Amino acid sequence: MLTTFPEMFDAPLGSSIMGRARESGLVECLVHNIRDWTRDRHRTTDDYPFGGGVGMVMKPEPVCDAVRDLRSEGPRGVVILTTPQGEVLDHRVVQELAAEERLILLCGHYEGVDERVSELVVDREISIGDYVLTGGELPALIIMDAVIRFVPGVLGAEESAQTDSFAWDGLLDCPHYTRPREYEGLSAPEVLFSGNHGEIAKWRRSQAILRTAARRPDLLAGARLSDEERALAETVLRQERD
Ligand code: ADE
């Protein structure tokens with residue numbers, strides 16, 4: 001991570017699954033302060049935009065020096081700039097990034113980063129969605145979190161990334177229930193207590209299809225479905241239309 005706000009990473013990188021993955025040595029996350037690559041007395045990382053306008057622009061020299069320094073040690077890595085102008089993060093992009101040995105996440109801030117940084121040292125620009133945040137630190141953490149789940153050993157076999165939403169044939173996840181069996185008049189579905197693992201798996205799969213058709217019909221086009229499953233999805237789509 002290359003950032004001007006390193007403290008923003010302390011809690012997320014030290015907690016929960018990301019914290020555990022780091023402690024167990026499955027992943028290494030280093031947070032670097034871009035200010036450490038400034039050369040002036042005030043450790044300046046931003047400046048006024050040429051041509052005028054609001055906000056500040058991140059200067060190219062400290063960022064490019066930082067990236068080049070980091071790249072001089074270890075694998076070359078992929079340099080990612082977090083920006084609303086980038087390609088939108090999705091399951092496919094996460095899997096591509098997870099296949100890389102090293103990621104260097106450059107967190108944009110203020111009005112943006114001098115365009116020459118992108119030309120000189122950035123490999124990929126990534127957005128986490130069509131809205132604008134105050135900085136690229138949270139997007140970088142989201143990218144890290146999503147990528148780390150695909151590092152072998154980070155999730156237990158049970159919580160394996162392969163069975164979650166979007167990894168499961170491109171469908172949304174099915175509903176989940178735990179104790180108590182009845183809560184405020186609502187019962188967990190009977191099939192989950194049947195002990196019949198085949199039936200439970202079938203129910204979960206059909207729930208995933210029904211939910212996807214109702215909530216995110218756009219995903220169905222890319223989902224891997226049998227003819228029977230596609231017919232089920234079509235029924236929901238027809239009902240939604242009527
Ligand atoms: N920086 C500000 N907004 C962002 C977004 N939506 N995605 C990535 N980086 C950003």
Side-chain angles (χ1 to χ4, degrees), residues 1-13 15-18 27 29-38 43-67 70-71 77-100 102-151 161 164-167 172 215-216 218-219 222:
M1 311 283 196
L2 273 171
T3 173
T4 43
F5 296 92
E7 64 281 2
M8 285 184 73
F9 293 87
D10 292 346
L13 288 183
S15 318
S16 186
I17 292 172
M18 284 212 278
V27 293
C29 299
L30 303 174
V31 181
H32 300 277
N33 193 338
I34 294 168
R35 259 178 233 293
D36 293 343
W37 280 271
T38 53
R43 311 211 323 146
T44 314
T45 58
D46 59 331
D47 208 336
Y48 294 98
F50 284 142
V54 289
M56 301 294 272
V57 176
M58 282 174 78
K59 290 167 64 59
E61 311 95 309
V63 175
C64 289
D65 286 352
V67 169
L70 295 183
R71 273 198 157 158
V78 174
V79 179
I80 297 165
L81 172 67
T82 54
T83 164
Q85 278 75 50
E87 60 181 317
V88 178
L89 188 70
D90 64 7
H91 179 67
R92 179 189 59 83
V93 175
V94 170
Q95 284 200 309
E96 282 172 14
L97 299 181
E100 297 292 340
R102 183 187 193 188
L103 303 175
I104 297 176
L105 286 148
L106 170 58
C107 306
H109 230 93
Y110 314 111
E111 283 309 297
V113 182
D114 188 290
E115 188 62 23
R116 290 162 294 186
V117 170
S118 288
E119 287 177 40
L120 291 169
V121 298
V122 169
D123 298 311
R124 267 178 111 151
E125 298 189 1
I126 295 182
S127 163
I128 59 157
D130 293 334
Y131 42 86
V132 179
L133 301 168
T134 54
E137 282 72 16
L138 292 173
L141 280 164
I142 285 169
I143 294 167
M144 281 303 298
D145 188 294
V147 165
I148 278 174
R149 298 177 70 256
F150 287 92
V151 174
D164 268 11
S165 283
F166 293 105
L172 297 184
R215 300 182 185 188
R216 292 291 307 278
D218 57 300
L219 292 177

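Quantities reported herein were computed from a predicted structural model and do not represent experimental measurements. In each ligand, atom 1 is the first atom listed, and ligand 1 is the first ligand listed.
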* Asp123 side chain vs Val79 backbone, donor-acceptor pair below 3.5 Å -> yes

* **Part of Asp130 within contact of ligand 1 (heavy atoms, under 4.0 Å)** => neither

* Asked: Using heavy atoms and a threshold below 4.0 Å, how should the contact between Thr83 and ligand 1 be classified: side chain, backbone, both, or neither?
  -> backbone

* To do: Please work out whether the ring planes of Phe5 and His109 are parallel, tilted or perpendicular, with thresholds of 30° and 60°.
  => tilted

* Would you find a donor on one side and an acceptor on the other, under 3.5 Å apart, between the side chain of Thr44 and the backbone of Asp46? -> no

* Sub-4.0 Å atoms of ligand 1 with respect to non-hydrogen atoms of Ile126 -> 8 (C)

* Asked: Near Ser127, which atoms of ligand 1 are under 4.0 Å from a heavy atom of that residue?
  -> 6 (N), 7 (N), 8 (C)

* **Glu125 and Thr83 side chains, donor-acceptor separation under 3.5 Å** => no

* Structural part of Pro84 in contact with ligand 1, heavy atom criterion under 4.0 angstrom -> both

* Side chain proximity check, Pro6 to Thr3, heavy atoms < 4.5 angstrom -> yes

* Test item, Gly129 contacting ligand 1 (heavy atom, 4.0 angstrom) -> yes

* May I ask you to check whether Phe150 and His91 place their ring centers less than 6.0 Å from one another? => yes

* So is Pro139 polar-close to ligand 1, meaning N/O to N/O under 3.5 Å? -> no

* **Interfacing atoms of ligand 1 (cut-off 4.0 Å, heavy-atom, Val132)** => 3 (N)

